[in-house]
Novice: 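Have a look at the structure that comes next, please.
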Amino acid sequence: LRAPPPRAQCVARPPLFGAMGAALGCPDDGDTDMSGRDSHMTSQASSAIRVGDHEFKDLLEAFRYCDPHGTGYIKDHQRFAAVARELAGAEGDVDTIWHDIDQDGNDAVNFPEFVEWAERGHVQLPTGVARGGAQVLVGRGLDTSGLVFPPTWSGPRDDPSYKKVIPVTHPSAFVELQELLDVSYKKVWTRDRKATGVNKIPDSYELIRIDRTENFSDWRRYSLKRHHIEEDTTTGGYLQQYQPLTAQAKVCRRHNLHAEDCNEWLLFHGTSPEKAKQICMGDFTMRLAGSATSTLYGKGTYFAESITKGDEYAKPDADGVCCVLVCRVIGGRVLYNAEVDPDAQSLQDQVLHGRFNSILGDREACRGTFKEFVVFDADQVYVEYILHYRRGD
């Protein structure tokens with residue numbers, strides 16, 4: 001691999017002391033009873049739970065035990081089954097117990113999925129994620145008093161079923177998000193533009209309408225994943241930082257991105273208006289693989305730092321209005337690649353089975369076009385906005 005570009009920074013960092021940064025929603029009084037309880041689990045409470053020679057004081061410790069290689073995913077069915085029997089009183093054979101947690105059937109379980117499984121099984125252990133040194137407990141419902149929401153959040157903060165697309169009309173929002181389009185614009189052509197039906201590169205992009213999304217379940221899972229990655233990168237003692245073009249925009253500062261802690265970015269994902277709404281009301285419907293716009297760097301979901309690149313995958317409606325998603329994306333440990341012909345399977349395996357969390361494919365360095373950012377876990381993505389725009393001549 002070639003050396004990272006000048007914008008990359010390697011920052012030495014002290015190890016993390018105690019629990020991870022901000023608190024996440026977990027129960028303390030059992031005000032809300034989570035639905036979907038599992039018939040194979042029974043309630044079990046303990047300040048610490050022992051499995052063999054290992055004692056777990058929180059869910060993060062249990063998750064690490066189930067993920068001994070630090071890949072960010074539990075894949076060992078037997079190891080998990082042994083932990084599940086002690087933590088949640090899980091019953092049945094290994095396959096039955098695994099099916100209880102691997103509900104999307106991709107044969108890999110991340111930390112947010114593990115926490116949700118523990119809630120369904122009423123496992124009364126702290127998550128391992130805390131604020132101000134205070135641990136929070138799962139096992140008796142859902143308490144979200146500690147969950148830190150985006151600065152624009154206006155909906156309920158205690159309703160797991162809440163999801164809404166909200167029109168934005170304030171002039172300052174249009175100024176900020178038009179700037180996001182402008183600072184990320186590049187007059188660069190790639191063959192993918194042929195798919196738009198217009199081979200000419202637009203001279204500009206005019207913002208017409210803004211929708212902001214609020215999805216409680218997606219945000220909570222995203223927050224859990226972000227804190228898990230932050231904990232991993234911090235205890236590692238360093239993080240290679242990458243700043244996309246979008247980092248120049250003021251809207252990134254207002255959204256308090258955790259750029260220095262886990263490479264959290266605002267990036268573009270071009271799509272059709274219909275697909276945009278489906279994504280915002282659900283999620284990217286992939287955990288370790290999804291509907292990819294490309295397979296150059298593996299079967300992940302691809303994001304762009306430039307509106308020009310994101311626009312290559314946008315589909316105009318009958319009035320010629322296109323849309324692009326603006327997403328929070330957690331890059332974490334970034335696998336940088338500037339090869340002309342990358343080995344997609346090898347790169348994907350280094351993320352799915354190694355210590356990397358994403359891929360940065362630098363086609364700007366090797367082809368003079370665009371950087372592409374690829375993730376393989378839907379919980380590393382949260383949709384902030386749907387931007388509706390017109391292509392300028």
Side-chain angles (χ1 to χ4, degrees), residues 19-20 24 26 34 36-129 137-139 221 224-225 227-229 231-232 235-236 286-290 298-300 332-333 345-346 348-357 375-380:
M20 292 179 279
L24 299 178
C26 302
M34 294 295 287
R37 296 183 181 180
D38 201 303
S39 60
H40 299 291
M41 300 178 185
T42 59
S43 178
Q44 180 167 332
S46 176
S47 59
I49 295 177
R50 180 176 294 276
V51 177
D53 296 331
H54 299 270
E55 185 176 79
F56 307 128
K57 296 179 180 178
D58 55 51
L59 293 178
L60 185 59
E61 289 184 358
F63 183 86
R64 286 176 179 154
Y65 174 79
C66 294
D67 174 31
H69 302 295
T71 65
Y73 302 98
I74 299 173
K75 301 171 186 174
D76 188 324
H77 297 200
Q78 291 190 355
R79 181 176 282 244
F80 169 74
V83 170
R85 289 186 177 109
E86 298 299 325
L87 255 61
E91 300 175 356
D93 59 20
V94 171
D95 288 342
T96 299
I97 294 172
W98 179 256
H99 179 72
D100 289 338
I101 191 170
D102 185 27
Q103 296 190 351
D104 57 9
N106 63 7
D107 210 37
V109 172
N110 66 15
F111 186 57
E113 290 175 300
F114 185 72
V115 171
E116 290 184 352
W117 165 83
E119 288 173 345
R120 294 195 305 272
H122 309 288
V123 177
Q124 297 185 31
L125 279 181
T127 60
V129 178
L137 191 70
V138 304
R221 293 179 69 124
L224 279 164
K225 184 69 177 183
H227 284 290
H228 183 214
I229 290 178
E231 192 275 342
D232 179 59
T235 54
M286 61 95 181
R287 287 289 173 256
L288 296 179
K299 296 178 181 179
R333 297 190 189 278
Q345 188 62 53
S346 174
Q348 179 174 305
D349 288 345
Q350 290 181 71
V351 175
L352 298 184
H353 307 297
R355 299 303 298 271
F356 293 102
N357 306 113
V375 298
F376 299 84
D377 190 329
D379 292 329
Q380 287 175 234

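One is the number of the first residue; the rest follow in order along the sequence.
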Novice: Within the side chain of Q348, is there an N or O that forms a donor-acceptor pair under 3.5 Å with the backbone of Q345?
Specialist: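 No; judged by distance alone, with no hydrogens or angles, the pair does not exist.
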Novice: What I want to check is whether the side chains of D93 and T96 have a donor and an acceptor closer together than 3.5 Å.
Specialist: yes
Novice: In Å, rounded to the nearest 0.5 Å, how long is the span from CG of D102 to CG of D95?
Specialist: 11.0 Å
Novice: Residues in salt bridge (Lys or Arg N to Asp or Glu O under 4.0 Å) with R79, at least two apart?
Specialist: none
Novice: Using 30° and 60° as the class limits, which term best fits the ring planes of F80 and F114: parallel, tilted or perpendicular?
Specialist: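 Correct class here is perpendicular.
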Novice: What I'd like to find out is whether the side chain of L87 reaches to under 4.5 Å of the side chain of W117, using heavy atoms alone.
Specialist: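 In contact.
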Novice: Quick check: are there more than 12 heavy atoms from other residues, nucleotides or ligands sitting under 6.0 Å from NE2 of H77?
Specialist: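 It does: H77 NE2 has more than 12 such atoms within range.
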Novice: Could you state the interatomic distance from CG (D58) to OG1 (T127), rounded to the nearest 0.5 Å?
Specialist: 7.0 Å
Novice: So which heavy atom on D379 is nearest to which on D377, and how close?
Specialist: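 It is N-OD1, 2.9 Å.
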Novice: Please determine if K225 forms a cation-pi arrangement with Y73, meaning its NZ or CZ atom is less than 6.0 Å from the six-membered ring centre and no more than 45° off the ring axis.
Specialist: yes
Novice: Take the angle between the ring planes of F111 and F63 and call it parallel below 30°, perpendicular above 60°, tilted in between.
Specialist: perpendicular
Novice: Give, for atom CD of E91 and atom CZ of R85, the distance between the pair rounded to the nearest 0.5 Å.
Specialist: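 Interatomic distance, E91 CD to R85 CZ, rounded to 0.5 Å: 10.0 Å.
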Novice: What distance do Q380 atom CD and R221 atom CZ have between them, rounded to the nearest 0.5 Å?
Specialist: 12.5 Å
Novice: Look only at the side chain of D67 and the backbone of I74, and say whether a donor-acceptor pair between them is shorter than 3.5 Å.
Specialist: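 No, D67 side chain to I74 backbone: no donor-acceptor pair under 3.5 Å.
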Novice: Do N110 and L224 touch side chain to side chain, with heavy atoms closer than 4.5 Å?
Specialist: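 SC-SC contact between N110 and L224 ruled out.
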Novice: Quick one: OG1 on T71 to CG on D232, what's the gap to the nearest 0.5 Å?
Specialist: 10.0 Å
Novice: Counting neighbours of NE2 on H69 that are heavy atoms of other residues, nucleotides or ligands and sit closer than 6.0 Å, is the number greater than 12?
Specialist: no
Novice: With sequence neighbours excluded, tell me which residues meet side-chain hydrogen bond (donor to acceptor under 3.5 Å, both in side chains) with D76.
Specialist: none
Novice: To the closest 0.5 Å, what do you measure between CD1 (I101) and CZ (R120)?
Specialist: 7.5 Å
